[in-house]
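Order of appearance sets the numbers: ligands from 1, and atoms from 1 within every ligand.
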Amino acid sequence: MGKRAAGFVLFRRLCGQIEYLLLKASYGDFHWSSPKGHVDPGEDDFTTALRETKEEAGYDESDLIIYRDTPLTLNYIVKGKPKIVIYWLAELRNPNKKPVLSEEHTELKWLAKEAAKECVGFKDNQEMIDKCQEMILDMDKKKQGGCDCP
Ligand SMILES: Nc1ncnc2c1ncn2[C@@H]1O[C@H](COP(=O)(O)OP(=O)(O)OP(=O)(O)OP(=O)(O)OP(=O)(O)OC[C@H]2O[C@@H](n3cnc4c(N)ncnc43)[C@H](O)[C@@H]2O)[C@@H](O)[C@H]1O
């Protein structure tokens, strides 16, 4: 059976800029990713996303504005087996609240879209960041009353 993980594409707004949180793995190929992790037996994906984000970045559900209606999915192969990762987009309410890392990561970065895409490297992850940016800008437009409705 394949592996299943869940997490949040976590962003903040600082000085008018949208920035994504990326964490550097302390193992393997030292890759960068959003907070996420393995879905435990009997656990639902959303609970996993919250648990892993608390463990890996120190943020609780109350720290986040979560866009729960639009999960995003990545599918790739790890050690010859398929892996699926379900992400929700989430905004940090207080952009100055610092993440607290676990032993699973050695570094963190808050990066604007293009730098974040370069940092994650994988094409599907880059496309997910583009999609997230579109979702954020769309939501902003709607809030400002700038929708295209007749
Ligand atoms: N490899 C490892 N070695 C030693 N200890 C480990 C370990 N992985 C986890 N642990 C440890 O296991 C414990 C449980 O961790 P926990 O976080 O609970 O479980 P997990 O399933 O290992 O969590 P993740 O899904 O976050 O693991 P990951 O970072 O390896 O996965 P990713 O898909 O990003 O990355 C997996 C691979 O896929 C690659 N990858 C990432 N994204 C993509 C993509 N979009 N397309 C193709 N390849 C990708 C990465 O570069 C990487 O090579 C922890 O103590 C942790 O330290």
Practice task
Just do the salt bridge (charged side-chain N to carboxylate O under 4.0 Å, His left out) check on Glu127 and Lys131 with the steps written out, would you?
Solution key: CA-CA 6 Å; Glu127 288 166 357; Lys131 174 85 187 149; over 6 Å; no

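- With hydrogens and angles left out, the side-chain atoms of Glu55 and Ser102 include no donor and acceptor closer than 3.5 Å.
- Scanning all heavy atoms of the two residues, the minimum distance from Asn75 to Asp124 falls at O-OD2, 3.9 Å.
- Formation of a donor-acceptor pair under 3.5 Å by the Arg68 side chain with backbone atoms of Trp88 is not found in this model.
- Around ligand 1, the residues contributing at least one heavy atom under 4.0 Å from the ligand are Lys3, Ala5, Tyr27, Asp29, His31, Lys36, Gly37, His38, Glu52, Glu56, Tyr76, Val78, Lys83, Glu104, Phe122, Asp124.
- The side-chain contact (heavy atoms from CB on, under 4.5 Å) test with Leu137 is passed by exactly one of Glu134, Met135, Gln133: Gln133.
- Applying the side chain to side chain contact (heavy atoms under 4.5 Å, CB included) criterion to Asp69, with sequence neighbours excluded, gives no partner residue.
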